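The structure under discussion appears below in the form of structure tokens.
None of these values were measured; they are calculated from a predicted model. Chain identifiers are assigned alphabetically (A, B, ...) following the order of the sequence lines, protein sequences preceding nucleic acid strands; residue numbering begins at 1 within each chain.
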Number of protein chains: 2
Amino acid sequence: MSRQMVRPGGRSARVQASVHAAVRELASEVGRDALTVPLVAQRAGVTPSTIYRRWGDLQELLSDVAVERLRPDTAPGDHGALASDLTAWAEQFLDEMASPGGRAYIRDALLGDPDGSNAGQCSAYAADQIDFILTRAAERGEKTPDVETVIDRVVAPTMYRILFRPDGLDAAYARRLVAEILGLTGP
Amino acid sequence: MSRQMVRPGGRSARVQASVHAAVRELASEVGRDALTVPLVAQRAGVTPSTIYRRWGDLQELLSDVAVERLRPDTAPGDHGALASDLTAWAEQFLDEMASPGGRAYIRDALLGDPDGSNAGQCSAYAADQIDFILTRAAERGEKTPDVETVIDRVVAPTMYRILFRPDGLDAAYARRLVAEILGLTGP
DNA sequence: CGCCAGACGCAATGATTTTGCTTTAAGGTG
DNA sequence: CACCTTAAAGCAAAATCATTGCGTCTGGCG
């Protein structure tokens, strides 16, 4: 489980915010690979032992930060039809996740995550977005696949290729995945 | 790139074998999380600096060992028909990969792998196995999907769920994925 | 056989991680 | 509102780990 359930508003929350901010700042200043716990601690105005005690090690801290950054900040756009909604979402998803930064976040999220809860959280984000799109389509009266199917047929192939075969990924691939799944469910 | 291209038979090869063996032994004795470079070095009869110089850090070493262990050691079995060959392979794949040990290896392989070549290697192993099955089926005269399709529709969903949603995975899931893809390609 | 290049061992150095103890601050209680 | 309890943070010492320069050895090649 993530270390998110700290008392909100207290000193713990300030420390967490400060440490997270320090990670993000330093990652963009000196590069993700140059991060160390003492470095982050110094920037955050905190002692290293605080970080070690709260997060265990650098990987778990990075995993925490990564999950936070992988949380979608906007609801999927409304293009009037399931096909265009899902296509647009899949293209954006691929685009964000396949970028160097996105891939680093995914790896970090998977990495310092002994019990898999951070990874589960990432998956839940995607599932929520898809559910939102599908529910909206259903309210329009469109026939829709279910969330699990979209995850298996769109999200999973995308993530698999990002992680295991980073070459030759483009928006056309995402479009093709969506077209194939809708072709099955459609008319 | 993996450190496999050492001169075979020389001292380098002995060191590599010894270090790999030490990692496997210690992983099962003290647990994967308790591994440290000095510990491995001691068991392997090697100085830590040797490991640091050859592998860089513990993660890259673990990644190396993981890829080696993820290499299939046997060709996919012949059950006389594409459907049964692919189903059996998918069930075994899921079974091996979803086990606690398998998941740890996958994560290690993804982890210490700055350029993605180890992960690519893992994917290539699966692709080879699938290609073998499909080619055999084609020689029997069966109509087959192509390798990329099987990866997208069987391997990717399996791996995605292993990494991101480890719950509720069983052989039936693998069978369903295979049934769905063959239903599409078949009569 | 002797040379060369690469790989290893050794040891010193510097950085990180861990740990015991103390101090602080948040939240609850009388 | 003052007090008490407890979780979390600070501090500092000790242990462990990572890095690096240099000398030695192994194995391959002319």
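Between A:Thr36 and C:dT16 there is a side-chain N or O to OP1 or OP2 distance below 4.0 Å. At least one side-chain nitrogen or oxygen of A:Thr50 sits closer than 4.0 Å to the OP1 or OP2 atom of D:dG10.
Distance A:Trp55 CH2 to D:dA9 C1': 12 Å, rounded to the nearest Å. What separates CG of A:Asp57 from C1' of D:dC17 is a distance of 14 Å, to the nearest Å. We find that CZ of B:Arg54 is positioned 19 Å from P of D:dT20, with the value rounded to whole Å. Remark: C1' of D:dT20 and CD1 of B:Ile51 are 17 Å apart, rounded to the nearest angstrom. For the pair B:Arg11 CZ and D:dT24 C1', the interatomic distance rounds to 9 Å; values are reported in whole Å. Rounding to whole angstrom units, CG of residue A:Leu58 and P of C:dT16 are separated by 11 Å. Following rounding to the nearest Å, A:Gln42 (CD) and C:dT16 (P) show an atom-to-atom distance of 10 Å. Remark: P of C:dC8 and CZ of B:Arg14 are 10 Å apart, rounded to the nearest angstrom.
With 3.5 Å as the limit, one finds a donor-acceptor pair spanning the side chains of B:Tyr160 and A:Ser123.
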Between the protein and nucleotides 20-22 of chain C, list the N/O to N/O atom pairs that are separated by less than 3.5 angstrom.
unit_1 : atom_1 : unit_2  : atom_2 : d
C:dG20 : O6     : A:Arg53 : NH2    : 2.3

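Ion pairing between a basic and an acidic side chain is recognised when a charged N comes within 4.0 Å of a carboxylate O; B:Asp108 and B:Arg69 show no such pairing. Between A:Arg165 and B:Glu148 there is a salt bridge, with a side-chain nitrogen of the basic residue lying less than 4.0 Å from a carboxylate oxygen of the acidic one. Salt-bridge annotation for B:Glu29 and B:Arg24: absent, with no side-chain N of the basic residue lying under 4.0 Å from a carboxylate O of the acidic one. Using a cutoff of 4.0 Å between basic side-chain nitrogens and carboxylate oxygens, A:Asp152 and B:Arg153 are not scored as salt-bridged.
Checked by atom type and distance alone, the side chain of B:Thr135 pairs as donor or acceptor with a backbone atom of B:Asp131 at under 3.5 Å.
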